[in-house]
Chemist: 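Take a look at the following structure, please.
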Amino acid sequence: MHRSSVPYGPDHMPWSQILMSEGLADGFPAPISDPVFDPCTVYPPEEELPDQKYQLLPSGLTKEQRRKALDDLDEYLTRKREHMLGYQVNQDMDGYKADLSRFMEHHVNNVGDPFRSGGYKPNTKVVERAVLDYYAALWNAKWPHNPHDPESYWGYMLSMGSTEGNMYALWNARDYLSGRALIVNPTRPADGMLYVQGQVTAETFAAEEEKEEAERKRRNALRPVVFYSEDTHYSFTKAVRVLGFQTFHEMAMSEPRYTNANPLGGPWPMEVPSLSGTESSADGPGEIDIDKLATLVEFFAKNGHPIMVSLNLGSTFKGAHDNVGAVCERLLPIFEQHHLVEREIEYEKGKKDIRRGFWIHVDGALGAAYAPFLRMAEDNPSYAHVPEVKMTEFDFGLRLPRVGVPEEPPVDMISSIAMSGHKWPGAPWPCGIYMTKVKYQLKPPASPQYIGAPDTTFAGSRNGFSPVILWDYLAKHSYDQQISGILRAQRLACYLEQQLKRVSNTIGVDLWVARTPGTLTVRFRKPNPELVAKWSLSSQQVVMNPQEKKPQKIRRRDYAHVFVMASTTEEKIDALIKDLHRADAFPEPVILPITEPVPELLDEAVPLALVPEAGRGFE
Ligand SMILES: *Cc1c(COP(=O)(O)O)cnc(C)c1O
């Protein structure tokens, strides 16, 4: 049967009838809509996998058709896996199939809170809790989870990857900072905790303008602002939009008092600038600019706003690690000065608690999985590891002494961490972990009787297979093996960087080879489309001189990058390098069209966070 010859379109015989006449609709007319075009002619052609082969018919497919389609799909995926270099996804699925495929016989569903058993018994929460405990230990949290201890950790395994983890963090932070009720009331301090009241009230001040300012701060006290760098994953900006969480840029544009008061001078940036390279942040290391972050945060803290900051551990395109420790050291004195370390919140009429006025989230989609092992290698002389740069402290163990009141206990700085399971560890589908502390948990919107466990997670039904995958991975890899794995990947990334520099010299083309020290990714000039497809290279277009106003003078570069993962071998790198020596590997740079002018906004338009249409490396 040649489906592509079937006439489509309004003037032709309806699809359902054609199918019937071909004996494919089992002789009954179906109340279904007909396609207006042959779908196989309108979708992007995937040469190796023609759409025809996968179209589903009312009759289903024959056994042979189905088998052939699945075999071809398998063959395609296997071939692509062997050449995958561009994404931070471990391709190694060793052993999952043999050991775990039997679980495909079950519908496993971890609906509801992982620490309550709930009504749906075919779940793997026991496995999920073991995985969570494992990471709680690695991330220096207080464990096991104890719902009555505000300092203990809480978390769950995500059904999506870090996209969901980041969204949960933003949701949690937004509601926490804007004064919603918490799951445990932290008014009564746990042992050894001391709270200081840090609220500013209008009565405290005598002078009129001071009163006015105090009143403004009081109003801003429940209007949080979020900060993240321009190297942040696009999922973050999307989540910000979904949640209506105001970025500092949006807040600045919607508050006339702020609009012309950018403390960095000039127009407000959309996101916190990353460190600059020789030209701009485009050729910089991809880390957040701490000075600029601190200046921006101080502006909003001074105006009474609570603050959320998200930091990257393994940024999406450059693989960069924001210096979480240094950021916290810079920000804590600002938080102290503006009463954001402890403040009294009235979350219901007459009901008050004392909580933080800041939230630092670590987007560790890639890096939170390996950073603990790099830190172990640095601390243990038996690995003889000399780091290019020391891995920053980034987790729940990050505690800093208070500058103003040194006799107070140190402040634990990190409120939440997200990690993807399919990136560094490796899994056949997206999964991940979100982790926070009990003291930051919000009262869930409802505790449905239906599932029998508190509805603390984002999704209702949750993937119960993913915990088994991660558990199996962790059961098979000792700390020692994980340390060797990340050290080997770092060495291979250095090797790739050197090889690319050699290609650059040999062919006499500047390939702009760059690698931020300590990271697993090397970026370089984007090769021809065939090689990009062959090696699944992810690419990004970068504006080198973003300050330039004249469109003719804007200079762009097309970069590709390679992520060196545990599944990357020297042979794969050598094969890529060989391909890049080909005469046509780097076509003459095309002159890129002048971009369309940025549309002018209507006066009443609400400024929103920038959601990049493309790029940032994980498309
Ligand atoms: C990949 C990535 C995400 C999104 O994670 P998914 O697992 O793809 O949902 C978020 N942040 C960073 C830094 C990432 O690299």
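In each ligand, atom 1 is the first atom listed, and ligand 1 is the first ligand listed.
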Chemist: Please state whether Gly432 comes within less than 4.0 angstrom of ligand 1, counting heavy atoms only.
Modeler: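 No heavy atom of Gly432 comes that close to ligand 1.
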
Chemist: Hey, can you tell me if Tyr135 and Trp139 have their rings parallel, tilted or perpendicular (30° and 60° cut-offs)?
Modeler: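 Tilted: the ring planes of Tyr135 and Trp139 meet at 30° to 60°.
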
Chemist: Can you tell me if Gln88 contacts ligand 1 (heavy atom of the residue under 4.0 Å from the ligand)?
Modeler: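 For ligand 1, residue contact (heavy atoms, under 4.0 Å) with Gln88 is present.
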
Chemist: Select one of side chain, backbone, both or neither to describe which atoms of Thr232 lie under 4.0 Å from any atom of ligand 1, heavy atoms only.
Modeler: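 Neither part.
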
Chemist: Run the numbers for me: atoms of ligand 1, each under 4.0 Å from some heavy atom of Gly314, listed by number.
Modeler: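 Matching atoms, with element in brackets: 13 (C).
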
Chemist: Between Val362, Leu398, Asn323, which is the residue that forms a side-chain contact (heavy atoms from CB on, under 4.5 Å) with Thr392?
Modeler: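 Exactly one candidate clears the test, Asn323.
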
Chemist: Specify side chain, backbone, both or neither for Ser420, according to which of its non-hydrogen atoms lie closer than 4.0 Å to ligand 1.
Modeler: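 Only the side chain of Ser420 comes within reach of ligand 1.
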
Chemist: Between Met167, Met419, Lys423, His233, flag the one that comes closest to atom 15 (O) of ligand 1 by a heavy atom.
Modeler: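 Nearest option to atom 15 (O) of ligand 1, by heavy atoms: Lys423.
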
Chemist: Under 30°, 30 to 60°, or over 60°: which ring-plane class applies to Tyr134 and Tyr479, parallel, tilted or perpendicular?
Modeler: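 It falls in the perpendicular class, over 60°.
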
Chemist: For Phe227, run the side-chain contact (heavy atoms from CB on, under 4.5 Å) check against Leu331, Ile288, Val272 and tell me which one passes.
Modeler: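 It is Val272; the other options fail the test.
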
Chemist: In terms of atom number and element, which parts of ligand 1 are under 4.0 angstrom from non-hydrogen atoms of Ala365?
Modeler: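 Selected atoms, number and element: 2 (C), 3 (C), 10 (C), 11 (N), 12 (C), 14 (C), 15 (O).
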
Chemist: Is the shortest N/O to N/O distance between Ser235 and ligand 1 below 3.5 Å?
Modeler: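 No, since none of the N or O atoms of Ser235 sits under 3.5 Å from an N or O of ligand 1.
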
Chemist: Return yes when Asp363 approaches ligand 1 closer than 4.0 angstrom through a heavy atom, no otherwise.
Modeler: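 The answer is yes, since Asp363 has a heavy atom less than 4.0 Å from ligand 1.
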
Chemist: Can you confirm whether more than 12 heavy atoms, excluding those of Lys292, are under 6.0 Å from its NZ atom?
Modeler: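 Result for NZ/Lys292: open.
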
Chemist: Which is it for His422 and ligand 1 at heavy atoms under 4.0 Å: side chain, backbone, both or neither?
Modeler: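 Side chain only.
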
Chemist: Look at the rings of His107 and Tyr120 and say which category their plane angle falls in: under 30° parallel, 30 to 60° tilted, over 60° perpendicular.
Modeler: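 Rings of His107 and Tyr120: perpendicular, as their planes differ by over 60°.
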
Chemist: Determine, for Trp512 and Arg523, whether the Lys NZ or Arg CZ falls below 6.0 Å from the six-membered ring centre while staying within 45 degrees of the axis.
Modeler: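 Cation-pi check for Arg523 and Trp512: fails.
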
Chemist: Closer than 4.0 Å to some heavy atom of Thr163 - which atoms of ligand 1 meet that?
Modeler: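 Counting from 1, the qualifying ligand atoms are 4 (C), 5 (O), 6 (P), 9 (O).
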
Chemist: Please work out which of the three classes, parallel, tilted or perpendicular, describes the rings of Phe317 and His561, given edges at 30° and 60°.
Modeler: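 Aromatic pair His561/Phe317 classed parallel.
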
